[in-house]
Amino acid sequence: MTMHIHILRDEADYQATLADYEAFFDNQPEPGSEAGDRFELLGLLLAKYEEDHFPMPADDPVEAIRFAMERQGLSQSDLSEVLGSRSRASEVLNRRRALSVAQIRKLSREWRIPVQALIGEPQAA
């Protein structure tokens, strides 16, 4: 069933579009196909809504990660799955280790954190 794509005006629109978008995660459509265009449009709508309603902390990757964790109901355990180990997640959150380029890409893709927020300068602990 195809949902009508429209501007997201409230949290209900956001949640419905997020569910529609996430349905593509296990089987991402071919770019340029009708489904691929829909996937991309949904992502753009979600990004715009999030940018307007949940501004990401600037200049601090750790705060950007913590913000995303809070907003998406994720835990340090979820972060360890993305980063590869519990110790790596702890080191990043405690500012003892910087994110690698591969980790930045993965966090941006999987948690929809803007790359710019993840490459900022971390604040000293």
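Along the sequence shown, residues are numbered consecutively beginning with 1. Note: hydrogens, waters and symmetry copies are ignored here, and every other heavy atom, side chains too, is used.
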- Closest non-hydrogen atom pair between S80 and S77, with its separation: OG-O, 2.6 Å
- All side chain to side chain contact (heavy atoms under 4.5 Å, CB included) counterparts of E40, not counting sequence neighbours: L44
- side chain to side chain donor-acceptor pair (under 3.5 Å) filter on K48, not counting sequence neighbours, yields D52
- When rounded to the nearest 0.5 angstrom, what distance separates NE2 in H4 from CG in D20? 12.5 Å
- Look up atom CD in Q15 and atom CG in L8, then write down how far apart they are to the nearest 0.5 Å. 10.5 Å
- Message: Please determine whether residues I7 and I5 belong to a single hydrophobic cluster, defined as Ile, Leu, Val, Met, Phe, Trp and Tyr linked transitively by side-chain heavy-atom distances below 4.5 Å.
- Response: yes
- Query: Any side-chain heavy-atom pair from W111 and L79 closer than 4.5 angstrom?
  - Reply: yes
- Return each pair, listed once, that meets salt bridge (charged side-chain N to carboxylate O under 4.0 Å, His left out) where at least one residue sits in residues 77-92; pairs must be two or more places apart or across chains. R88-E91, E91-R97
- More than 12 foreign heavy atoms under 6.0 Å from CD of E70: is that the case here? no
- Contact summary for A68 and L74, nearest pair of heavy atoms: O-CD1, 4.4 Å
- Set of salt bridge (charged side-chain N to carboxylate O under 4.0 Å, His left out) partners for E30, sequence neighbours left out: none
- Message: Under the criterion side chain to side chain contact (heavy atoms under 4.5 Å, CB included), I'd like the reasoning laid out for L83 against L107: C-alpha separation, chi angles, the key distance, then a yes or no.
- Response: CA-CA 8 Å; L83 299 184; L107 277 168; 4.1 Å; yes
- For D10, check side chain to side chain contact (heavy atoms under 4.5 Å, CB included) against everything at least two apart and list the hits. A12, D13
- Note on the structure: Separation between CD (Q72) and CD1 (I113), nearest 0.5 Å, reads 7.0 Å
- Hey, does Y21 have a side-chain heavy atom less than 4.5 Å from the side chain of L45? no
- Query: So, for D37 and G32, which heavy atoms are closest and what is the spacing to 0.1 Å?
  - Reply: OD1-CA, 3.8 Å
- Without swapping roles, check the side chain of S90 against the backbone of S87 for a donor-acceptor pair under 3.5 Å. no
- Here the gap from F39 atom CZ to E34 atom CD, rounded to the nearest 0.5 Å, amounts to 15.5 Å
- Shortest non-hydrogen contact from L93 to R66? O-NH2, 3.0 Å
- Task: State plainly whether the residues R95 and D60 are in salt-bridge range, i.e. N to O under 4.0 Å.
- Result: yes
- Task: Sequence neighbours left out, what passes side chain to side chain contact (heavy atoms under 4.5 Å, CB included) with S100? Give chain and number order.
- Result: A102, Q103
- Query: When rounded to the nearest 0.5 angstrom, what distance separates CZ in R112 from CD in E22?
  - Reply: 6.0 Å
- Query: Got more than 12 heavy atoms from elsewhere within 6.0 Å of CZ, R9?
  - Reply: no
